[in-house]
There are 2 protein chains.
Amino acid sequence: MSAPAPTGSPTRSRRTKPDGGDPHAQSLRIGDVARLVQTTPRTIRYYEEIGLLPEAPARPSGRHRLYTPAEVERLREVMRLKNLLGVSLEELKTLLTAEEARAEVRAQLSREDVVGERRLELLHEALGHIDRQLELVRHRAAELTKLEHELCETRKRVRRKIREYHDAEERAAR
Amino acid sequence: MSAPAPTGSPTRSRRTKPDGGDPHAQSLRIGDVARLVQTTPRTIRYYEEIGLLPEAPARPSGRHRLYTPAEVERLREVMRLKNLLGVSLEELKTLLTAEEARAEVRAQLSREDVVGERRLELLHEALGHIDRQLELVRHRAAELTKLEHELCETRKRVRRKIREYHDAEERAAR
DNA sequence: TTTCATCCTTACGTTCACGTCAGTTTCGAG
DNA sequence: CTCGAAACTGACGTGAACGTAAGGATGAAA
């Protein structure tokens, strides 16, 4: 993905990255993020507003939002799910709560101080969430594949008709 | 959703079918159709209003709409596409215009008096429409399948962790 | 320090896809 | 013919998912 700005806004010259010598302070502003994921700042703020995206933690209200590449990726995933699953943002939120839980699990599991019982509990919870998503995705995928096959069949029939026509033409020319 | 009438509305006793001896006058009223395809009369009228469904031809405005099984099937297909492709009704309309064209083709092809040139033209048009739909469907299907695989992988990882936990427990109990 | 594109918040506007209400009319059973 | 469930036609209401405009603040570059 090299094409940085497909929607080429010509008014872009100043404002490089706030890369002030600190290499791991890779943070993007909302407009840049919007361009990256093909949306608008408004949408990103809206998603934050309804709780789909976490509020940038401890941002002194009024200051600019800054996003890490990880958060950008997260947003991309959100939009992907939204498009593919065609669910409401509210439903999506519950699905992503699952994601959150899994992230939580990962975080907790990396620490050593989590007692066994709790650990197992978290794992099973995560599994349940995944299974719910998986069921949803599988169902839709199956439906779509079915539709694809049907379309292919129809296509074949049309092509056959076209060939029949050409054959008829050939015979007539003889 | 308090399930108003999933399938069995108890308030149905009168009003059987207008099957007055005429066997091929199999026509349903809007309410029945709505129940059949899991929607509401309002939605069906709306679809007609925006041109998604053809206005019941030559219906003396004010009389009840009557639907043939074919039209019911058509509506079912419309809703299926809407759900699976997740497009706006406007986009769907253009996609269905393609369907219309194909129906037209079928109708014309069944007649003998269509000249060859026109016939071929229609066929190629139909093919184009099908290809457009197919591309759309394939793209989405592929994306969904990809997502499915990813979820499966994640699932495997979680299950492995659970197993690891159980193994550890076993060793500890020894 | 000035500059100015970009960002902030607040708030009202908009489009889509229907829901709902009202008053009227149709039509099949009795 | 009567009766009532269901349909008809406007017309307005609604929730979701943003768009847009206003007025002011931010912050990297010059």
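Residue numbers begin at 1 in each chain, while the letters A, B, ... track the order of the sequences.
Here the side chains of His149(A) and Glu153(A) are not in contact, with every heavy-atom distance at 4.5 Å or above.
A straight line from CZ of Arg65(B) to C1' of dC8(D) spans 7 Å, rounded to a whole angstrom. Rounded to a whole Å, the OH atom of Tyr46(B) is 17 Å from the P atom of dC12(D). Rounded to whole angstrom, the span from the CD atom of Glu48(B) across to the C1' atom of dC18(C) amounts to 15 Å. In this structure, Arg35(B) atom CZ and dA5(D) atom C1' are separated by 11 Å, rounded to whole Å. Look at CD on Glu55(B): it is 13 Å from P on dC8(D), rounded to the nearest Å. Going from atom CD of Glu91(B) over to atom P of dT15(C) covers 17 Å, rounded to whole Å. Leu89(B) places its CG atom 4 Å from the P atom of dA17(C), with the value rounded to the nearest Å. Rounded to whole Å, the distance from CD1 on Ile44(A) to C1' on dC7(C) is 12 Å.
At least one donor-acceptor pair closer than 3.5 Å links the side chain of Glu91(B) to the backbone N or O of Ser88(B).
Considering only side-chain N and O atoms, Thr40(A) lies under 4.0 angstrom from the phosphate OP1 or OP2 of dG19(D). Distances shown here put a side-chain N or O of Thr43(A) below 4.0 Å from the OP1 or OP2 atom of dG19(D). Taking only side-chain nitrogens and oxygens, Arg59(A) comes nearer than 4.0 Å to OP1 or OP2 of dT9(C). Using a 4.0 Å cut-off, no side-chain N or O of Lys82(B) falls inside it from OP1 or OP2 of dC16(C). For dC8(D), one of the phosphate oxygens OP1 or OP2 lies less than 4.0 angstrom from a side-chain nitrogen or oxygen of Arg45(B). In this model, the phosphate group of dC8(C) is not approached by any side-chain N or O of Ser61(A) to a distance below 4.0 Å at OP1 or OP2. OP1 or OP2 of dC8(C) has not a single side-chain nitrogen or oxygen of Arg63(A) nearer than 4.0 Å.
When heavy atoms are screened at a 4.0 angstrom cut-off, Ile50(B) is found touching no nucleic acid atom at all.
Both Tyr47(B) and His64(A) lie close to DNA chain C; mapped to their nearest nucleotides by heavy-atom distance, the more 5′-ward contact belongs to His64(A). Toward the 5′ end of DNA chain D lies the nearest nucleotide of Tyr67(B), the other residue of the pair Gly62(A) and Tyr67(B) mapping further downstream.
Annotation for Arg163(A): atom CZ does not count as buried by contact number, only 12 or fewer foreign heavy atoms lying within 6.0 Å.
Salt-bridge check for Glu164(A) with Lys161(A): failed, with every basic side-chain N at 4.0 Å or more from each acidic carboxylate O. The pair Glu148(A)-Arg140(B) does not meet the salt-bridge criterion, since no charged nitrogen lies less than 4.0 angstrom from a carboxylate oxygen.
Listed candidates were dC8(D), dT9(C), dC18(C). Nearest to the side chain of Ile30(B) is dC8(D).
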